[in-house]
S.K.: 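Below you'll find the structure I mean.
Every chain is numbered from 1, with letters handed out A, B, ... down the list of sequences.
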Amino acid sequence: MITDGLNPEQALAVKTTEGPVLIIAGAGSGKTSVMTRRIAYLLEKKCAQPWEILAITFTNKAAKEMRERVHKLIGDIAEDIWISTFHAMCVKILRREAHKIGYESQFSILDASDQLEMIKQCMVDLNYDLKKFDPSSVTWKISSWKNALYTPITLPKGSKSQLELLAKEVFFLYQHKLKAMQVMDFDDLIGQTVALLETHEETRAFYQQKFRYIHVDEYQDTNQAQYRLLRLFADQHQNLCAVGDSDQAIYRWRGADISNLLNFETDFSHALLIKLEQNYRSTQTILNAANAVIVHNQERKEKKLWTQADEGEPIVIYGAIDQDDEAVFIIAKIQEHAARGGRFEDCTVLYRANALSRAIEENFMQAAIPYRILGGMTFYDRKEIKDVMAYLKVIANPSDEISLLRIINTPKRGIGDGTLRKLLDYAHDRDLTLLEAMGKTDDESLALSGKVGEVVKQFYQMIMYLKEIEEGLTVTEYVQQMLYKTQYREMYASSSKEEDQARLENIDELLTVTRAFDRRRRGTLADFLAETSLLSDIDKEYGKTENAVTLMTMHAAKGLEFPVVFVIGAEETLFPHARSLDSIEGIEEERNLCYVAITRAKKQLFISYCTERSAFGQVRMNDPSRFLAEIPDHLTVRSLADHQAVTSWSEGTKVRHPLYGVGVITAVEGTIEDVELAITFTSRHGTKSIRPKLTRLKILEN
DNA sequence: AAGTGAGATTTTTTT
DNA sequence: AATCTCACTT
């Protein structure tokens, strides 16, 4: 039986196939199990054909895992089920239907850095000073408009701020350029699909008919556009199964709207609500801590996780001196775990911001702890990989000017700013793409000198040649040809710098990726590009060691579980982050994140903070995170680093204080354990009373 | 057009 | 501390 081993709520969720269902699934409550079995159940009961079932996840990794688990249950017909992310699903649809909304099916996808580049270009075109107006806030604003399904035309009148007025203007031009270049950004993938379905009745009817059963994971993190899309899809059959947990809503900052989840029952009439509250993952202690933290949030649906598991070990909270001390503490704990026969891959280190991985990484390297990092500066962000991808993008979509600009003079071929300006002006005047303009070197009015004209012509012909040979080659063969023809590989191969040799290795590594792609699906260049640009942070890993400790952000960890979890940087201004401190919603979202982090742990949880943390050359002192105080004492073991070896302080000693700078001790008071010093600083702070137990004084001279 | 060095700038989370 | 940007030189 498909429902074997499920608890009554889970079984009900599996068997309720008709009509809208909202499954409130607490962390570790077996929701993936429920979703996969529900799909298997639908097929077994012959409710639907595989291609009539849609399952949407948030990451490719989650999609892959779901497909594998469904495959185990029902075999090869699992291949025909639509299991993918929102974005990948939209690409699949748009490749088929794009011509209906004025795009070619070969459109390319703009990644975050290309998008910013494009916004900058638009701002320059409109004569805005990039120093006065921050391009990333403009990008941000436009993205939030798109998430709410506004177009430059439907944008409400009466903007308030100067930034909004500017962004509005940029939005107009940006959207125009995207279309001209046959490019879509991430938000467009969803937005354009919605537009397609709303304006084309037959297309809409087709997909409404097709998707008889729809499943959406992480429903609390859907935005307005995604919500709209789901409503369009589900309109005919009304068989929408949404799975979510309001306590795990951590993406409000990128447009996710929790009211999608909270309003489900009014949005879809006769919706059935099922709560999964039994946890199969963590110890009682870990769950108690998670529950104790999350009750501090006001805006939530009442829910309490419970488990039949043992109490388990207490949560260890460690107050470190600085990042290095924190890392050393973690290394010691990992080594203890390994000494007991545990594996490195059981362990994960979670942090609020990517920048925090550095100290851990450096210390792990020194201590020879194998690790891998998910997200952050990854393989695909490297210059050489972006360059190679840009070449491929230009060939797949010759109108892609952003990519063309990236590689037009890499390797150096003598096309500089002056030439570029001429080409761009020429293209603009005649309504041509940049590449097309490069094909017109014989035109006198382009006014290129003989030598430069020749170089431009050669480049143009090279691209044309590369475009011609695309057909019939696998992506791997194609990339190899491209690397040879453009002399891109040669550029690094002929260098003796160690750095350049590393770049060569990365390029070779990319060929491993293309080989895997060729073996898997033998798609076109455009397919390959779409697949790689839609990888989520968690899909990209860096470092390929087996049996390694995983380092990632708490956001990336959602949906994963590990026997041993280390949460680092539990400090005010870091976690909760300073940028979320000014609103209640902000802090509550941080608390959700804390809840997510805690509930990743199956057996053991360690949380640490630093009294001193250095960030770009400066040392900052932070209080321990407020979330630590929300974990009941009886669940924890708390310890502090030996702050400083017992030092006998004496008058006249010159010291440096992390905040106030250099000063001289003028008095020593208090007990041996808790010394209080009077220090006269040379800076404007004057004389202050300092307790060396609480800060870190550096002795300069006696 | 390309190479160099001073000066600015950086850290929130991501499809 | 490390990387990027921009003005200046060759």
S.K.: If the C1' atom of C/dA2 is compared with that of B/dT13, how far apart are they to the nearest Å?
M.R.: 22 Å
S.K.: Whole angstrom is fine here: how far is it from CG in A/D324 over to P in C/dA1?
M.R.: 12 Å
S.K.: At under 4.0 Å between heavy atoms, what does A/N409 touch on the DNA or RNA strands: base, sugar-phosphate, or nothing?
M.R.: sugar-phosphate
S.K.: When we call it a touch if two heavy atoms are under 4.0 Å apart, what does A/T59 touch: a base, just sugar-phosphate, or nothing?
M.R.: nothing
S.K.: Heavy atoms under 4.0 Å, any strand shown: does A/R252 hit a base, just sugar-phosphate, or nothing?
M.R.: nothing
S.K.: Can you tell me if A/N622 and A/T573 form a side-chain donor-acceptor pair at under 3.5 Å?
M.R.: yes
S.K.: Do we get A/R406 above A/Y391's six-membered ring, with its NZ or CZ under 6.0 Å from the centre and within 45° of the axis?
M.R.: no
S.K.: Pairs under 3.5 angstrom only: tabulate donor-acceptor contacts from the side chains of residues 121-130 of chain A to other protein residues two or more places apart or in another chain.
M.R.:
from: A/Q121; atom 1: OE1; to: A/K177; atom 2: NZ; distance (Å): 3.4
from: A/D125; atom 1: OD2; to: A/K177; atom 2: NZ; distance (Å): 2.7
from: A/Y128; atom 1: OH; to: A/E169; atom 2: OE1; distance (Å): 2.6
from: A/D129; atom 1: OD1; to: A/K131; atom 2: N; distance (Å): 2.9

S.K.: If only atom types and distance count, is the side chain of A/Q226 paired as donor or acceptor with the main-chain N or O of A/N223 below 3.5 Å?
M.R.: yes
S.K.: Hey, does A/I415 reach any base, or is it just sugar-phosphate, or nothing, if we go heavy atoms under 4.0 Å?
M.R.: sugar-phosphate
S.K.: Check whether the side chains of A/E218 and A/Q220 place a donor and an acceptor atom closer than 3.5 Å, and report yes or no.
M.R.: yes
S.K.: Over all strands shown, is A/Y251 touching base, sugar-phosphate only, or nothing at heavy-atom distances under 4.0 angstrom?
M.R.: sugar-phosphate
S.K.: Do A/R252 and A/E585 pass the salt bridge (Lys or Arg N to Asp or Glu O under 4.0 Å) test, and can you show the C-alpha distance, the side-chain angles, and the key distance before you say yes or no?
M.R.: CA-CA 9 Å; A/R252 198 179 60 105; A/E585 293 87 353; 5.1 Å; no
S.K.: With nearest nucleotides of DNA chain B determined for A/R254 and A/R413 from heavy-atom distances, which residue corresponds to the more 5′ nucleotide?
M.R.: A/R413
S.K.: Would you say A/N60's side chain and A/T85's backbone share a donor-acceptor pair under 3.5 angstrom?
M.R.: no
S.K.: Judged by atom type as modelled, is there a donor-acceptor pair below 3.5 Å linking the side chain of A/N409 to the main-chain atoms of A/I415?
M.R.: yes
S.K.: Would you kindly give the CD-to-P distance between A/E361 and C/dA2, to the nearest whole Å?
M.R.: 13 Å
S.K.: Could you tell me whether the side chain of A/E326 and the main chain of A/G569 form a donor-acceptor pair under 3.5 Å?
M.R.: yes
S.K.: Could you list, one pair per line, each protein nitrogen or oxygen that sits under 3.5 Å from a nitrogen or oxygen of nucleotides 7-10 of chain C, together with the distance?
M.R.:
none

S.K.: Could you tell me the boundaries of the chain A footprint on DNA chain B, defined by atoms under 4.0 Å from its heavy atoms?
M.R.: B/dA1 to B/dT15
S.K.: Taking for each residue the nucleotide of DNA chain B bearing the nearest heavy atom, is the 5' side occupied by A/L534 or by A/D417?
M.R.: A/D417
